[in-house]
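Worksheet: one structure, shown below.
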Amino acid sequence: FAQTVDTEALEQMLNAADSGGDVNNAELLRQQRDAELNDLSNPIVKLVNTIIEQAIDRNASDIHVEPRKGKYVVRFRQDGILLPVADISK
């Protein structure tokens with residue numbers, strides 16, 4: 001399965017590297033973060049991008065991903081109403 005990226009921790013490391021003057025290390029960490037977040041061959045990245053694109057196309061104000069037994073339920077808020085969009089198996 002895909003490796004998860006803790007963007008907050010990574011950002012803290014980048015800031016620490018920047019303040020320490022180690023520009024090469026900070027730049028390498030930024031490049032790694034960007035590569036992981038933009039890796040279109042990663043199925044999780046594809047799934048999230050698809051969900052966001054559909055939400056934009058439907059003018060949704062919110063995206064909800066709710067854990068349920070054996071699956072996740074994706075719902076969009078449209079005109080104040082949460083509408084089911086997809087069930088994703090765990």
- Query: Is a donor on one side and an acceptor on the other found under 3.5 Å between the side chain of Lys90 and the backbone of Lys69?
  - Reply: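 A pair under 3.5 Å: no.
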- Query: Taking the side chain from Gln78 and the backbone from Arg58, do they hold a donor-acceptor pair closer than 3.5 Å?
  - Reply: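 Checking the backbone N and O of Arg58 against the side chain of Gln78, a donor-acceptor pair under 3.5 Å is found.
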- Message: Counting only heavy atoms not in Asp57 (residues, nucleotides, ligands), do more than 12 fall under 6.0 Å from its CG?
- Response: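 Counting other residues, nucleotides and ligands, CG of Asp57 exceeds 12 neighbours.
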Rounded at 0.5 Å granularity, tell me how far [atom1] in [X] sits from [atom2] in [Y].
X     : Y     : atom1 : atom2 : result
Phe76 : Asp62 : CZ    : CG    : 11.0 Å
Arg75 : Ile81 : CZ    : CD1   : 11.5 Å
Glu66 : Asp87 : CD    : CG    : 10.0 Å

- Item | For the student: nearest non-hydrogen atoms of His64 and Leu82, plus distance |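 Heavy-atom minimum between the residues: CD2-CD2, 3.2 Å.
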Same cluster (ILVMFWY, side-chain, under 4.5 Å), [X] and [Y]:
X     : Y     : result
Ile88 : Val73 : no
Leu47 : Ile56 : yes
Val85 : Tyr72 : yes
Ile44 : Ile52 : yes

